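Input: a single structure, listed below in structure tokens.
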2 protein chains.
Amino acid sequence: MKDQGAKPKSNSQRAIGQLRQMIFSGDLSAGSDHLESELADRLGMSRTPVREAALTLESQGLLELRPRKGVRILPVSPEDMSEIYDVLTELESLAAEQAAGMAYDDADLMVLATAIEDMDDALSRDDLQAWADADDRFHAELVRLGGNSRVASIVGMMADQVRRARATTLFMRPLPTQSNEDHRSVLEAIRTGQQDTARLRHRAHRQQAKQIIIDLLKKHRLSRL
Amino acid sequence: MKDQGAKPKSNSQRAIGQLRQMIFSGDLSAGSDHLESELADRLGMSRTPVREAALTLESQGLLELRPRKGVRILPVSPEDMSEIYDVLTELESLAAEQAAGMAYDDADLMVLATAIEDMDDALSRDDLQAWADADDRFHAELVRLGGNSRVASIVGMMADQVRRARATTLFMRPLPTQSNEDHRSVLEAIRTGQQDTARLRHRAHRQQAKQIIIDLLKKHRLSRL
DNA sequence: GCATTTATTTGCGTATGCATTAATGAATGC
DNA sequence: GCATTCATTAATGCATACGCAAATAAATGC
């Protein structure tokens, strides 16, 4: 996830960041309801900026404002995950294809290469959280290189949701060694400018990832995260 | 475009609708700046709901809030259009593929079929606006049939932007007869459950549409809409 | 005891006012 | 004449207040 500059000077921006944090950390659990005034108290500000933040997060699909019921933290069902992964698959594959068409040199692709190495390192240390972070960096950089700002922003939002699900499933899944090979092969296709190959490889990669996570969610009856 | 239920009871919702309308109609021209208080006066309400509406529209990419400069109606450049069409192409193609996999019967596909007929009628009457409206209905229904609500909502937002550009270019372009054939062939693929074909045909359709509109924008030096 | 109506509470939508801070212009020094 | 500093203006971001409508509780009728 983006660092957000780390200094959001307005209360409204701060509220967005803090609420996101609280959702990801489970402090605000999925399905729970919270009054605007309660959240305002909790964040030490008035309802106005909280309300604005909630509106923003609603547009990003993290919560929902239900008049008189409070803001509801939206649970993520396996069906939601399926939808999200399908969108990610399409848009990231496009990004991979476009990135491959841009004749990037090794310096441009450094971030991708580094992310892959970091994933290898993390795996060898069994540090799944570090692996997940590097994986995020890889995917974020990929869409950046794709050059379509709308794709990048949509993917960024959806990735937030994936993170929520992954926080739960990360430690149930087999070590993602296959995933690393996938990343390498995508990078290679981008480096050598093979647009169709990049697209297809990334597409396959994402579809597999989808299957793994969906199976896990279903297997463990994790119908709502 | 969706009818929006026609009864947004809150001022906030009303503001969203009215501002959208004003943007599409050119009442608020691209690139222009407007103070929150000015818009509030114009809509006959206080700044609060206007501000909330502006926040929402900002998240949809129609405008931008620049502190102390007012809300700026975002212009749509050919580059923006290119980005938008690429996203639409990917996501609608996915929708077409998924729709084809759902074994819809003729009743389910009625809306699509009707939209196509309406487009034919409109063309025969040289009624381009009616054609555009029916085209909108076709694409909206397609993503609905695809069954991925996130795809539907993203496409809906992007379609808003396309409408803006099309309002300008609609009367410069050749009659979209090819487009109608495309629609028919996509529908046929969906009806017969040919997922890959549906995807590929729709993809080709959208890519062609992109090329046409981009060329028009560039040819007429319409760098900002 | 159950249903229906009435009263009460409570959270939201909106209006309003104020303080902060960026932008504009004036004034001063060089 | 130009740049720099300071004063002024003005729009925002936010706090606060209030009325309304929905939800809940109480009360009444059957």
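First the proteins, then the strands, lettered A, B, ... as listed; each starts at 1. Being a predicted model, the structure only gives us computed values, none of them experimental. Heavy atoms only: backbone and side chains are in, while hydrogens, waters and symmetry mates are out.
- Other residues, nucleotides and ligands place no more than 12 heavy atoms under 6.0 Å from the CE atom of A:M110.
- Here D:dA15 is the nucleotide among D:dA15, D:dT12, C:dT16 with the atom lying nearest to any side-chain atom of A:P49.
- Aromatic ring orientation, B:H139 versus B:H183: perpendicular (interplanar angle above 60°, classes split at 30° and 60°).
- As judged by a 4.0 angstrom heavy-atom cut-off over every strand, A:R47 is placed among the base-contacting residues.
- Nearer to the 5' terminus of DNA chain D, by closest-nucleotide assignment, is the contact made by B:S37 (compared with the other of B:S37 and A:T48).
- For the pair B:E58 (side chain) and B:L65 (backbone), a donor-acceptor distance under 3.5 Å is present.
- The nearest whole Å value for the distance from the CG atom in B:N11 to the P atom in D:dG19 is 17 Å.
- For the pair B:K9 NZ and D:dC20 P, the computed distance is 17 Å after rounding to whole Å.
- Between the P atom of D:dT9 and the NZ atom of B:K69 lies a distance of 20 Å, rounded to the nearest Å.
- A donor atom on one side chain and an acceptor atom on the other are found under 3.5 Å apart for A:S77 and A:D80.
- Ranked by how close their nearest DNA chain C nucleotide is to the 5' end, B:S46 and A:G70 are led by A:G70.
- Rounded to a whole Å, the CD atom of A:E36 is 12 Å from the P atom of C:dT14.
- Atoms CG (A:D33) and P (C:dG11) sit 12 Å apart, rounded to a whole Å.
- Salt bridge status for B:R203 with B:E97: absent, with no side-chain N to carboxylate O gap under 4.0 Å.
- When the P atom of D:dT12 is taken as reference, atom CD of A:E52 falls 12 Å away, rounded to whole Å.
- Of the candidates C:dA22, C:dT14, D:dA15, the closest approach to any side-chain atom of B:R68 belongs to C:dA22.
- The distance between atom CG of A:L65 and atom C1' of C:dT14, rounded to the nearest whole Å, is 15 Å.
- Taking every side-chain heavy atom of A:R51 into account, C:dT14 is the closest of C:dT14, D:dT12, C:dA23.
- Whole-Å rounding puts the B:R14 CZ to C:dA15 P distance at 10 Å.
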